[in-house]
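Data first, discussion second: the structure below is written as structure tokens.
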Protein chains: 2
Amino acid sequence: MAFVNQNQILQSLIAEQLVSDPASARGRLLKEAARLFRDKGYERTTVRDLAAAVGIQSGSLFHHFRTKEEILKAVMVETIRLNTALMQAAADSEESPRGKLRALVRSELESINGQTGEAMAVLVYEWRSLSESSQVQVLELREIYEGLWLSVLEELNELGQLKADPFIVRRMLTGALSWTVTWYKPERGGLTLDGLTDQVMAMLGL
Amino acid sequence: MAFVNQNQILQSLIAEQLVSDPASARGRLLKEAARLFRDKGYERTTVRDLAAAVGIQSGSLFHHFRTKEEILKAVMVETIRLNTALMQAAADSEESPRGKLRALVRSELESINGQTGEAMAVLVYEWRSLSESSQVQVLELREIYEGLWLSVLEELNELGQLKADPFIVRRMLTGALSWTVTWYKPERGGLTLDGLTDQVMAMLGL
DNA sequence: GACAATACCAAGCAAGCGCTTGGTTTGTAA
DNA sequence: TTACAAACCAAGCGCTTGCTTGGTATTGTC
């Protein structure tokens with residue numbers, strides 16, 4: 001498979017209309033929404049907050065989205081789509097199972113602590129605010145994403161390099177990596193994203 | 001130090017008025033509040049929900065607590081107090097650093113997935129709903145709790161048994177263990193709490 | 001340049017929210 | 001029995017919420 005960079009992946013997803021262009025009105029709203037939802041929580045964020053963040057009246061929001069919850073759902077759906085593609089590319093760029101796992105860890109840390117960090121945090125911590133029917137739809141996408149992890153972890157396990165059950169390791173990693181959003185501040189303190197990735201791999205004895 | 005069981009610890013904390021008796025009106029409310037806050041989130045839980053859960057009128061709540069937020073804070077404060085005492089006892093019951101760490105992991109898993117699980121989940125996932133001044137107060141208690149973990153992890157590190165930085169390992173464990181609340185269901189599926197603890201230790205290469 | 005369709009505004013509605021109020025019941029102790 | 005505080009109820013106030021409505025700019029298309 002050819003190597004592609006992150007921007008190419010984003011562009012092709014936009015072309016397929018699977019994620020909104022960050023430059024479009026919809027895209028800008030979703031970005032601001034993700035930030036507000038992470039900072040204040042979905043419930044504490046009002047439609048007036050959302051509208052103000054993109055400079056329109058609160059009522060005008062409902063021209064783009066039918067309900068407030070639809071905004072939350074859109075944030076989650078587009079985030080999973082983008083990150084599934086990014087993770088797939090990261091895994092494909094490596095040969096060895098260990099290399100693939102490291103790429104996945106690094107890629108997820110990047111998603112959580114980088115550009116799409118707000119949206120990733122929303123995905124993890126605002127799950128309960130989604131209606132049940134929306135949860136089902138988002139869960140379907142999430143399973144593709146998780147499948148990526150499991151295939152790599154199972155490969156490692158068959159090689160005897162994993163010290164615990166693949167399913168459990170993935171779940172522990174889900175918690176551990178998403179939790180980094182609450183404490184990891186790359187700017188102050190010397191730990192880089194690669195350094196953090198190394199620590200995670202070391203912790204797993206890899 | 002003498003071995004004490006969990007109930008003895010709870011009783012002595014009640015006697016010192018550091019946590020509410022679960023049989024008292026206040027104690028029952030806090031228990032119901034923890035459950036509701038975890039299930040629906042703090043913001044989605046109304047004072048009418050809280051009152052109905054203990055069979056009183058919504059206005060009557062404010063005879064016991066000045067504000068709704070005070071209820072959230074009380075849930076968090078009492079939960080930390082209880083669990084700090086439980087963790088201290090668990091660590092003291094073991095000799096070796098590895099044994100102490102295992103006891104801490106098991107104890108935290110028990111807190112998260114057992115009786116006080118609702119409250120522990122609230123502590124982790126409703127942090128943002130606390131006012132800043134309350135956050136400061138709860139954080140002070142939290143630091144005692146974290147100190148317990150760090151002293152054990154540092155001891156292990158000095159013995160060369162830890163594969164990554166103690167601070168980072170603790171943070172990874174915080175995320176990983178608290179996340180178990182979203183997927184670990186001891187009743188269905190064969191994994192016991194001890195089994196899960198073993199998996200965590202294995203993952204750390206211990 | 002006509003004409004939709006799209007994007008937005010200004011105003012406000014109905015419902016639900018946290019919390020207050022004034023008054024009644026219940027528990028306790030002399 | 002009396003006295004008094006703690007616990008509770010019934011009612012509702014003032015405010016904020018998500019969302020609707022009727023209308024006006026703005027944009028793209030032929």
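Below, chain A is the first sequence line, B the second, and so on; all start at residue 1. These numbers were taken from a predicted model, which means no experiment stands behind them.
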Grab the [atom1]-[atom2] distance between [X] and [N] for me, whole Å please.
X	N	atom1	atom2	answer
B:F62	C:dG18	CZ	C1'	5 Å
B:K68	C:dG16	NZ	P	15 Å
B:L36	C:dG18	CG	C1'	16 Å
A:L61	D:dT17	CG	C1'	14 Å
B:H64	D:dC9	NE2	C1'	12 Å
B:E43	D:dT17	CD	C1'	12 Å
A:D49	D:dC19	CG	C1'	15 Å
B:K40	C:dC17	NZ	C1'	13 Å

Phosphate oxygens OP1/OP2 of D:dA7: is one of them under 4.0 Å from a side-chain N or O of B:S60?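 Checking B:S60 against D:dA7: no side-chain N or O falls below 4.0 Å of OP1 or OP2.
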
Can you check whether B:H63 has a side-chain N or O nearer than 4.0 Å to OP1 or OP2 of C:dT20?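 Checking B:H63 against C:dT20: no side-chain N or O falls below 4.0 Å of OP1 or OP2.
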
Under 4.0 Å between a side-chain nitrogen and a carboxylate oxygen: does that hold for B:R26 and B:D21?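 No.
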
First encountered from the 5' end of DNA chain C, between B:E69 and A:Q57: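 With A:Q57 and B:E69 compared, the 5'-side residue is A:Q57.
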
Under 4.0 Å, heavy atoms only, any strand: does B:S58 hit a base, just the sugar-phosphate, or nothing?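 Base contact.
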
Got a second to check how far B:S20's OG is from B:R81's CZ, nearest 0.5 Å?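 With rounding to 0.5 Å, OG (B:S20) is 9.0 Å from CZ (B:R81).
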
Please determine whether the number of non-hydrogen atoms from other residues, nucleotides or ligands lying under 6.0 Å from atom CD of A:E69 exceeds 12.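 Yes.
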
Let me know, please, whether B:R48 or B:I56 comes out on the 5' side of the other along DNA chain D by nearest nucleotide.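 The residue mapped nearer the 5' terminus is B:I56.
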
For residues B:S58 and B:V47, report the shortest heavy-atom separation together with the two atoms involved.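 Answer, listing the atom of B:S58 first, then B:V47: CB-O, 4.1 Å.
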
